[in-house]
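One structure below.
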Protein chains: 2
Amino acid sequence: MPPLQSADVRADRTRLSSADWEAGALDLLAEQGVAAVAVEPLARRLGVTKGSFYWHFPSREALLKAALERWEKLDEETVFEPLEEIVDPAERLRELFVRTSKEMRSHVLYSELLKALDHPVVQPVMARVSQRRIHFLMQAYRSLNFSRKDAMNRARLAYSAYVGFLQLMLQLKLTRMSAEEFDAYVGHVVETLIPAA
Amino acid sequence: MPPLQSADVRADRTRLSSADWEAGALDLLAEQGVAAVAVEPLARRLGVTKGSFYWHFPSREALLKAALERWEKLDEETVFEPLEEIVDPAERLRELFVRTSKEMRSHVLYSELLKALDHPVVQPVMARVSQRRIHFLMQAYRSLNFSRKDAMNRARLAYSAYVGFLQLMLQLKLTRMSAEEFDAYVGHVVETLIPAA
DNA sequence: GTAACACCATACGCCACCGTATTGACAAGC
DNA sequence: GCTTGTCAATACGGTGGCGTATGGTGTTAC
């Protein structure tokens, strides 16, 4: 009797590297949250046993840390660096708000991590990422002639709105909006939180 | 050797009722999240063993459900009914935003529940509570002559801002603001999200 | 003052996950 | 072709929680 292989994600024939485990961890994280990133389930999913895992990582914590740092780096590169090039601050903000519609995976991950902020490994990563993003917003508002305090408060407000919206949509699933509704909402947010040119 | 009694919360001498367990569950929930609401730890905290628990409740799930329904009821009574009496909608919104400064426990609980929205017992309760609150906001904006769509979008935005702020402050602890900073932020939010009279 | 009830203790079996130890298989380098 | 290094299987012990079974004790009703 064959060993009842689970849905076998990897193309088999190859062996696993640390990066494979990290990628798998992020997949599981996006799908089922931090608690689901456990070594035995992940091993099953990758078609091996945990005997393999403990060769690559000393502990579950270490995997989590490595995976999150991988995510943090990727996040910076794909989301923010492209935006730095837009010179007009109002336009930069608008683009940030709108591009946020795509890239669902990034939001899903961020949203799951929001639910695990009490975890000692998650907390510092999220603190860095969120701090950077809020700072990005603040600088844009500064360029729009907001006072220091107003810029800070508006940045906080805008980012809070992002975070809250994520939770309400992705987690609570209060209203699965149509594409038009969603665009209308984003339009409303832009009008409300970004001063007209 | 005495049985190493834990910090003994109840005034002893009395025995426990279902309500005591529910209250204890909410305490633990506020302090350490949904996952921490486990029967053996809770029993230890209450100075009994789980032999007691299973007399009052058939399962951990049942306790959680009872506790959350208790919270839902209390929330309605203490937060929203008082506000219904304020007739001027702009004033009502302002008061909602400002009173939200107090009542920390309510926010802490809501914030912890936000992190457990995938839990089948938590989800429906949170859906009801959030839906009610957003509807409350929407009606206020309607009274301020917002179009139906604008009112909906603004309500979503305002509530998202609330939810996000909760997570950023209570969970991420990005910035522990001073009382003045906090008031200034609330002022900024009021100016931004509520049209001037 | 005893019987019934309400609450609690103890002890047990079960499961899921963590981490360790030991051995095995396969490839590359010499 | 034999050794070394890399990845993996197996088997084990430990922890912490769930739920059950059964018996015990204080309180109340009569």
Side-chain angles (χ1 to χ4, degrees), chain A residues 1-25 28-29 31-67 116 118-122, chain B residues 1-25 28-29 31-67 116 118-122:
Chain A
M1 192 157 75
L4 186 56
Q5 190 94 311
S6 68
D8 211 289
V9 175
R10 62 177 168 148
D12 213 288
R13 114 180 65 247
T14 65
R15 318 190 34 214
L16 297 172
S17 69
S18 311
D20 293 321
W21 286 95
E22 291 166 17
L28 240 122
L29 182 47
E31 288 168 28
Q32 308 180 54
V34 172
V37 181
V39 0
E40 277 157 323
L42 181 51
R44 278 194 290 275
R45 191 188 174 98
L46 294 176
V48 294
T49 65
K50 64 181 176 171
S52 164
F53 175 84
Y54 284 98
W55 192 89
H56 296 286
F57 298 92
S59 71
R60 175 184 179 266
E61 289 256 303
L63 167 67
L64 215 60
K65 192 157 176 244
D118 40 3
H119 194 297
V121 171
V122 174
Chain B
M1 195 155 80
L4 186 57
Q5 188 95 312
S6 69
D8 212 290
V9 174
R10 62 181 168 145
D12 214 288
R13 113 179 68 249
T14 64
R15 307 164 74 195
L16 297 171
S17 69
S18 309
D20 292 321
W21 286 94
E22 291 168 17
L28 251 156
L29 182 46
E31 289 167 28
Q32 307 182 55
V34 172
V37 181
V39 0
E40 278 156 324
L42 181 51
R44 279 193 290 275
R45 191 188 173 100
L46 293 176
V48 293
T49 66
K50 64 182 176 171
S52 164
F53 175 82
Y54 285 98
W55 192 89
H56 296 286
F57 298 92
S59 71
R60 174 183 179 267
E61 290 255 302
L63 167 66
L64 215 61
K65 190 153 178 248
D118 42 1
H119 194 296
V121 171
V122 173

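Residue numbers start from 1 in every chain, and the chains themselves are labelled A, B, ... in the order their sequence lines are given, proteins ahead of strands.
- Taking atom CG of Leu42(B) as the reference point, atom P of dC8(C) lies 12 Å away to the nearest angstrom.
- Counting atom types as modelled, Arg15(A) pairs a side-chain N or O with a base atom of dT6(D) as donor and acceptor under 3.5 Å.
- Taking atom CH2 of residue Trp55(A) and atom P of nucleotide dT23(C), one finds them 20 Å apart after rounding to whole Å.
- With rounding to whole Å, Leu46(A) atom CG is found 11 Å from dA9(D) atom P.
- Between His56(B) and dA6(C), a side-chain N or O to OP1/OP2 separation shorter than 4.0 Å is absent.
- With sequence neighbours excluded, the residues satisfying ring-ring contact (aromatic ring centres under 6.0 Å, His included) with Phe53(B) are Trp21(B), Phe57(B).
- Nearest to the side chain of Pro41(A), among dC18(D), dC17(C), dA6(C), sits dC17(C).
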In sequence, state the C-alpha distance, the side-chain angles, and the governing distance for Glu31(B) and Arg45(B), and then conclude on salt bridge (Lys or Arg N to Asp or Glu O under 4.0 Å).
CA-CA 13 Å; Glu31(B) 289 167 28; Arg45(B) 191 188 173 100; 2.7 Å; yes

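- With His119(A) contributing its side chain and Ala35(A) its backbone, the two residues share no donor-acceptor pair below 3.5 Å.
- Atom pair Gln32(A):CD and dC17(C):P shows a separation of 11 Å (rounding to whole Å applied).
- OP1 and OP2 of dA9(D) both lie 4.0 Å or more from every side-chain N or O belonging to Arg44(A).
- Residues Arg60(B) and Val37(B) approach most closely at NE-O, 2.7 Å, considering heavy atoms.
- Side chains of Leu63(A) and Leu42(A) form a contact here, defined as non-hydrogen atoms less than 4.5 Å apart.
- Under the 4.5 Å side-chain criterion, counting only non-hydrogen atoms from C-beta, Leu16(B) is in contact with Val48(B).
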Identify each atom pair where a protein N or O and an N or O of nucleotides 19-22 of chain D are less than 3.5 Å apart, giving names and distance.
from	atom 1	to	atom 2	distance (Å)
dG19(D)	OP2	Tyr54(B)	OH	3.2
dG19(D)	OP2	Arg60(B)	N	3.0
dG19(D)	N7	Lys50(B)	NZ	3.0
dG19(D)	O6	Lys50(B)	NZ	2.0

